[in-house]
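FYI, side chains are in, hydrogens and waters are out, and symmetry mates aren't considered; it's all heavy atoms of this structure.
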Amino acid sequence: WKITNEISKNHERIQTALNSVIQHSYKPIDLESVESFVMTGCELLNYGRYYTRFSKDGYSTGARILTSTNIMISNNTFDSMEYFGLLSITSSSDIELKNNRFILDASGIYYDIDEQDMDIYRELVWFEGCSDTQVISNYFISYLYDINAKYLGYRWMFDNNCLSGNTFIG
C-alpha cells in the first residue's frame, strides 16, 4: 500500500491509499475510527478467507470500515470471494463509493472447495448503521454458481442515502 497522511485545507489529517495493488491479504482494509480516508486507483485481489492461510477461529471480515467518517472510495477494483462480502462499512457517515468494480469470483481459491458448497453470508457491499452514503456508478459483478447472490445490503440506516447509476451483472 502507498498510504500517506495529508493535511487538508481544514487542517484535518486525511489517510490516503493511491494506485496500489494488494493480493492474498486476510484483511486488506481494516479501518476503525478514522476521520478522513481516500482510496483511489487501487486493486484488492484474491483476499479474505479462501485466498490466505485460514485463521484459527475460522472468521474473516475481508475489507472493513468501522465508526469512521468522510470516506471516499473511487476508481478501485475489489475482486475476490469472501464469506462476509467484499466491503463492509459499519456505523460510519459521509461515505462515497463511486466508479468502483466489485467482482465476486471463486477462481484461484487456495482450498479444494466446490464452488457450489461456498456460502456468502453478506452482500458484496454491506452497510450497517450508516448515514449520508452515496453509491454511484459502480459495477457489481458475480461469477458465482448461486444466481441469488446479493449485491448490496443495508441495515439500520439513517438519513441521506443515495443509490444511483450502478450496474448489476451476474
Side-chain angles (χ1 to χ4, degrees), residues 1-4 6 8-10 12-22 25 27-48 61-106 119-170:
W1 283 104
K2 295 177 186 174
I3 297 181
T4 62
E6 298 177 358
S8 73
K9 292 177 185 175
N10 301 351
E12 64 185 9
R13 192 163 297 280
I14 301 173
Q15 303 288 325
T16 59
L18 306 172
N19 304 317
S20 299
V21 176
I22 187 166
S25 173
K27 294 181 186 177
I29 298 174
D30 193 9
L31 300 177
E32 186 169 358
S33 301
V34 172
E35 290 185 18
S36 293
F37 177 69
V38 175
M39 179 177 156
T40 189
C42 296
E43 295 181 63
L44 284 72
L45 309 171
N46 303 330
Y47 60 90
T61 59
R64 71 178 188 154
I65 298 172
L66 302 169
T67 59
S68 296
T69 188
N70 193 24
I71 306 297
M72 187 177 75
I73 298 174
S74 64
N75 301 306
N76 302 290
T77 298
F78 295 77
D79 186 348
S80 193
M81 167 60 193
E82 177 52 39
Y83 179 76
F84 284 99
L86 300 181
L87 177 61
S88 176
I89 303 174
T90 306
S91 301
S92 297
S93 64
D94 193 18
I95 303 153
E96 180 180 292
L97 300 182
K98 188 173 184 181
N99 298 324
N100 298 289
R101 294 184 325 143
F102 297 94
I103 304 167
L104 195 59
D105 186 359
D119 187 20
I120 300 298
Y121 178 72
R122 291 214 175 128
E123 291 73 4
L124 273 70
V125 176
W126 174 257
F127 291 96
E128 183 173 326
C130 295
S131 64
D132 300 316
T133 65
Q134 297 180 51
V135 180
I136 302 169
S137 300
N138 297 285
Y139 280 85
F140 297 88
I141 303 166
S142 176
Y143 293 117
L144 288 187
Y145 173 78
D146 182 3
I147 61 171
N148 297 315
K150 299 175 188 90
Y151 297 100
L152 280 169
Y154 293 93
R155 182 166 78 173
W156 302 323
M157 298 299 286
F158 300 101
D159 297 331
N160 303 320
N161 298 293
C162 172
L163 178 65
S164 176
N166 296 285
T167 302
F168 303 90
I169 302 169

Over all heavy atoms of both residues, which pair between [X] and [Y] is shortest? Give the atoms and the distance, please.
X: R155; Y: E128; answer: NH2-OE1, 3.0 Å
X: L45; Y: V21; answer: CD1-CG1, 4.1 Å
X: C42; Y: A17; answer: SG-O, 3.6 Å
X: S131; Y: F158; answer: CB-CB, 3.6 Å
X: L124; Y: I141; answer: CD2-O, 3.9 Å
X: N166; Y: F140; answer: OD1-CE1, 3.8 Å

Taking C-beta and beyond as the side chain, do V125 and N138 meet within less than 4.5 Å on heavy atoms?
no

CA sep, side-chain torsions, deciding dist, call: L44, I29, side chain to side chain contact (heavy atoms under 4.5 Å, CB included):
CA-CA 9 Å; L44 284 72; I29 298 174; 3.9 Å; yes

Can you tell me how far the [atom1] atom of [X] sits from the [atom2] atom of [Y], to the nearest 0.5 Å?
X: C162; Y: Q134; atom1: SG; atom2: CD; result: 5.5 Å
X: S91; Y: I65; atom1: OG; atom2: CD1; result: 12.5 Å
X: R64; Y: E32; atom1: CZ; atom2: CD; result: 6.0 Å
X: D79; Y: F102; atom1: CG; atom2: CZ; result: 11.5 Å
X: I169; Y: L104; atom1: CD1; atom2: CG; result: 13.5 Å
X: S88; Y: F127; atom1: OG; atom2: CZ; result: 9.5 Å

Positive for side chain to side chain contact (heavy atoms under 4.5 Å, CB included) with I95, one of N70, I71, T69:
I71

Can you name the side chain to side chain donor-acceptor pair (under 3.5 Å) partners of S68, sequence neighbours left out?
none

Short question: side chain of N76, backbone of G41 - any donor-acceptor pair under 3.5 Å?
yes

Kindly indicate, with the supporting measurements, whether the criterion side chain to side chain contact (heavy atoms under 4.5 Å, CB included) is fulfilled by F78 and L97.
CA-CA 12 Å; F78 295 77; L97 300 182; over 6 Å; no

More than 12 foreign heavy atoms under 6.0 Å from OH of Y154: is that the case here?
yes

Exercise: do T133 and N161 side chains pair donor with acceptor under 3.5 Å
yes

